[in-house]
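Please read these numbers as outputs of a predicted model, since none were measured by experiment.
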Number of protein chains: 4
Amino acid sequence: MARLRSPEKRKAILDAAVQEIAREGLSAATAKIAERAGVATGTLFTYFASKEQLLNELYLDLKSESYAVISEGFPHKASLERRAWHIWQSYLGWAIQFPEKRRVSVQLKVSDVLTAETQARALAMGSALEPTLGELEKRNVARGLPAGFVSATMSAMQDAVTEFVAKQPKKRAELIERTFQAAWRALK
Amino acid sequence: MARLRSPEKRKAILDAAVQEIAREGLSAATAKIAERAGVATGTLFTYFASKEQLLNELYLDLKSESYAVISEGFPHKASLERRAWHIWQSYLGWAIQFPEKRRVSVQLKVSDVLTAETQARALAMGSALEPTLGELEKRNVARGLPAGFVSATMSAMQDAVTEFVAKQPKKRAELIERTFQAAWRALK
Amino acid sequence: MARLRSPEKRKAILDAAVQEIAREGLSAATAKIAERAGVATGTLFTYFASKEQLLNELYLDLKSESYAVISEGFPHKASLERRAWHIWQSYLGWAIQFPEKRRVSVQLKVSDVLTAETQARALAMGSALEPTLGELEKRNVARGLPAGFVSATMSAMQDAVTEFVAKQPKKRAELIERTFQAAWRALK
Amino acid sequence: MARLRSPEKRKAILDAAVQEIAREGLSAATAKIAERAGVATGTLFTYFASKEQLLNELYLDLKSESYAVISEGFPHKASLERRAWHIWQSYLGWAIQFPEKRRVSVQLKVSDVLTAETQARALAMGSALEPTLGELEKRNVARGLPAGFVSATMSAMQDAVTEFVAKQPKKRAELIERTFQAAWRALK
DNA sequence: GATGAATGAGGTTTCATTCAT
DNA sequence: TATGAATGAAACCTCATTCAT
């Protein structure tokens with residue numbers, strides 16, 4: 001597998017995978033993904049050695065994308081609460097804008113196709129947020145909560161929020177704010 | 001009279017399904033499930049019309065089991081906090097004792113095999129907890145949080161907790177308690 | 001398999017087989033036939049040793065029934081044409097009244113489930129018509145047509161007629177008569 | 001470019017289907033058909049979306065083939081009797097030369113796998129014979145016989161003839177001729 | 001005799017992956 | 001590199017038949 005000619009094709013395949021998996025679940029057929037991406041079945045395997053690999057790379061891509069959104073305009077010097085709020089609100093913005101992406105991301109996380117390496121790399125991607133999360137963690141560790149619990153809880157609550165915003169899109173802004181307050185009460 | 005359909009066999013199939021799905025994901029083969037349950041491939045289909053139905057009934061069974069655990073010894077007349085604590089601690093007890101069951105339950109919930117009816121019935125099962133959750137909801141609705149958000153959040157946080165307890169079983173009791181305090185801060 | 005208690009049950013199974021095969025083809029499931037007959041799956045096999053046997057007996061029953069209809073009121077002493085006409089008209093009456101029976105009979109004949117013995121016995125049943133058909137055959141054999149061709153042709157033409165009457169039930173009487181005239185021209 | 005779907009392989013599958021169905025009936029296994037055709041089980045499904053479709057296309061192919069035989073050297077300008085004779089004799093030639101093909105064709109026709117569209121298309125294929133059959137029909141319609149009865153009768157009689165020629169191959173030529181005379185008497 | 005759950009071989013179809021073109 | 005036909009293991013499910021009750 002030499003350097004790939006066309007990053008566009010790779011992107012097209014990953015995008016198609018999201019759509020197809022959102023529709024059909026993780027058992028979506030590679031042939032259908034390829035078709036939706038506008039490439040031949042065989043071509044998919046020149047970009048990804050196997051379906052498993054495709055799924056792993058897809059997960060990293062989705063994580064990377066959501067982290068990129070959070071990183072954009074991140075107020076590194078603001079107060080802890082302001083920074084936490086930024087994370088909360090920008091992640092939810094992404095999750096609400098691309099419901100299929102979030103849904104597929106969750107499905108992949110819960111499934112058993114993600115290798116240990118993939119999980120480690122996904123974790124590492126969050127390093128930009130580390131100072132913020134680190135500070136929060138520290139306070140909570142002091143309270144007897146385990147390291148990592150903050151992210152896990154935020155993430156879990158965000159999933160819940162996303163579900164609700166999908167049902168009441170008009171209350172979007174309000175929901176994001178009120179739920180942040182709840183999360184903040186829990187973790188600050 | 002011929003042999004009667006035995007509840008034991010049904011149970012054996014559901015148990016086998018949990019194990020097999022925990023190991024292989026939702027694409028676990030019906031033949032393997034049957035084998036593990038000690039019945040013939042065809043027998044599985046006299047108890048469940050299709051794999052999809054097996055999965056739906058499995059989900060309801062798991063939900064039913066976890067609700068039964070919560071209901072046991074529920075302190076109907078205690079304070080709201082005491083009641084919330086009972087739910088928190090008894091559910092986590094179940095989730096930690098049967099990690100595969102919880103894992104499979106989550107996988108099913110996130111997947112797309114659950115019919116609308118199954119989801120509705122699962123929801124209805126929680127009615128015993130209603131007074132407690134209802135009280136909590138009311139307070140939170142007043143704050144602009146949507147109805148159902150309490151359960152969703154608790155459930156999401158519990159998933160996070162379970163993950164951590166699995167990694168540090170010795171801190172089990174402490175983790176359950178501290179995380180409850182966090183959840184309580186968020187939702188009371 | 002001792003003497004069977006209930007000829008009614010046997011009849012019910014055969015009737016159910018006709019309906020089910022008319023609907024589903026020869027691959028109709030024995031379980032469905034039993035269900036439609038109002039007996040248990042196992043019971044079917046106390047009346048017929050195997051599905052193949054059920055099918056063979058069904059064929060003989062259908063033949064027997066249609067021959068019985070023809071034999072009723074057969075004008076043994078009438079002219080050859082009158083006798084041929086009786087056969088033509090009474091058989092078509094049955095075929096039109098019970099389209100499923102005729103259809104299933106045809107399907108069985110064309111299939112490969114009928115044993116040599118069954119075919120021989122079906123042929124033997126027609127013995128009552130022998131004098132009439134024999135006379136017709138004789139004339140035709142003299143013309144270089146093979147023995148048996150008369151029955152085969154009549155039967156083939158009757159199948160065609162039945163099809164057409166089904167589509168134009170109002171012209172029933174006229175069609176039966178005109179087609180007899182055509183058949184008679186061919187074979188007299 | 002990848003390999004192109006080869007008409008030879010399609011043909012091989014259809015041929016194999018004829019042999020296998022002649023032997024086993026319509027329940028012949030697709031796997032066996034594929035094996036006999038010298039392709040993998042899966043390959044069959046790249047040429048035919050389902051067994052049902054295979055069966056429908058097979059029927060059309062068989063009809064097409066027999067019509068092609070009839071069309072070859074058709075004496076468009078000869079007398080009605082000469083043209084009818086051509087149809088009679090060339091069809092029977094084909095049916096006798098390929099008994100399995102005829103047998104399978106009949107089984108398909110009687111079965112319930114043929115879609116309405118397939119039946120319509122099969123009918124449309126006979127359009128080349130229309131002038132001839134049309135003339136015959138006209139005469140018979142005048143006599144009160146329904147349109148389409150001529151073809152149906154000829155077809156039904158031909159099936160009977162084929163059966164007899166199979167048993168007495170030596171009398172082939174004579175049987176074909178004598179039976180034509182009988183048919184002609186009936187329909188002219 | 002009647003019942004219907006149990007059996008497991010066998011059916012059709014899907015699908016990740018390969019490879020000739 | 002791109003293509004998509006070819007592959008065949010493996011999936012889900014059916015069903016004739018058996019047999020405990």
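Between Y47(B) and dA5(E) there is no side-chain N or O to OP1 or OP2 distance below 4.0 Å.
Across all strands shown, dA11(F) pairs with dT12(E); the Watson-Crick or G-U wobble distances both stay below 3.5 Å. Base pairing of dA20(F) is made with dT3(E), judged by Watson-Crick or G-U wobble geometry with both donor-acceptor distances under 3.5 Å.
Between the Y47(B) side chain and the S6(B) main chain, a donor and an acceptor come within less than 3.5 Å of each other. A donor-acceptor distance shorter than 3.5 angstrom exists from the side chain of R5(D) to the backbone of T46(D), with no hydrogens or angles considered. A donor-acceptor pair is defined here as one N or O able to donate and one able to accept, closer than 3.5 Å; no such pair exists between the side chain of K109(A) and the backbone of L114(A). With hydrogens and angles ignored, the 3.5 Å screen pairs no side-chain donor or acceptor of R36(D) with any backbone N or O of A12(D).
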Per-nucleotide protein contact string for nucleotides 7-13 of chain E, where B marks a base within reach and S marks sugar-phosphate only (heavy atoms under 4.0 Å, - for neither) = BBB-SSB
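Distance E24(B) CD to dC12(F) P: 11 Å, rounded to the nearest Å. One interatomic measurement links the two molecules: CZ of F48(D) to C1' of dA5(F), which rounds to 14 Å at whole-angstrom precision. For the pair E35(B) CD and dA6(E) C1', the computed distance is 17 Å after rounding to whole Å. Distance CD1 (I21(C)) to P (dC15(F)): 13 Å, rounded to an integer number of Å. Rounded to whole Å, atom P of dA5(F) lies 13 Å from atom CD1 of I13(D). Going from atom CD of Q53(A) over to atom P of dT17(E) covers 10 Å, rounded to whole Å.
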ask   = Taking it one step at a time, do L26(D) and L26(C) satisfy side chain to side chain contact (heavy atoms under 4.5 Å, CB included)?
value = CA-CA 9 Å; L26(D) 291 179; L26(C) 291 180; over 6 Å; no
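Two residues are said to be in side-chain contact when any heavy atoms from C-beta on lie closer than 4.5 Å; E52(A) and N56(A) meet this criterion.
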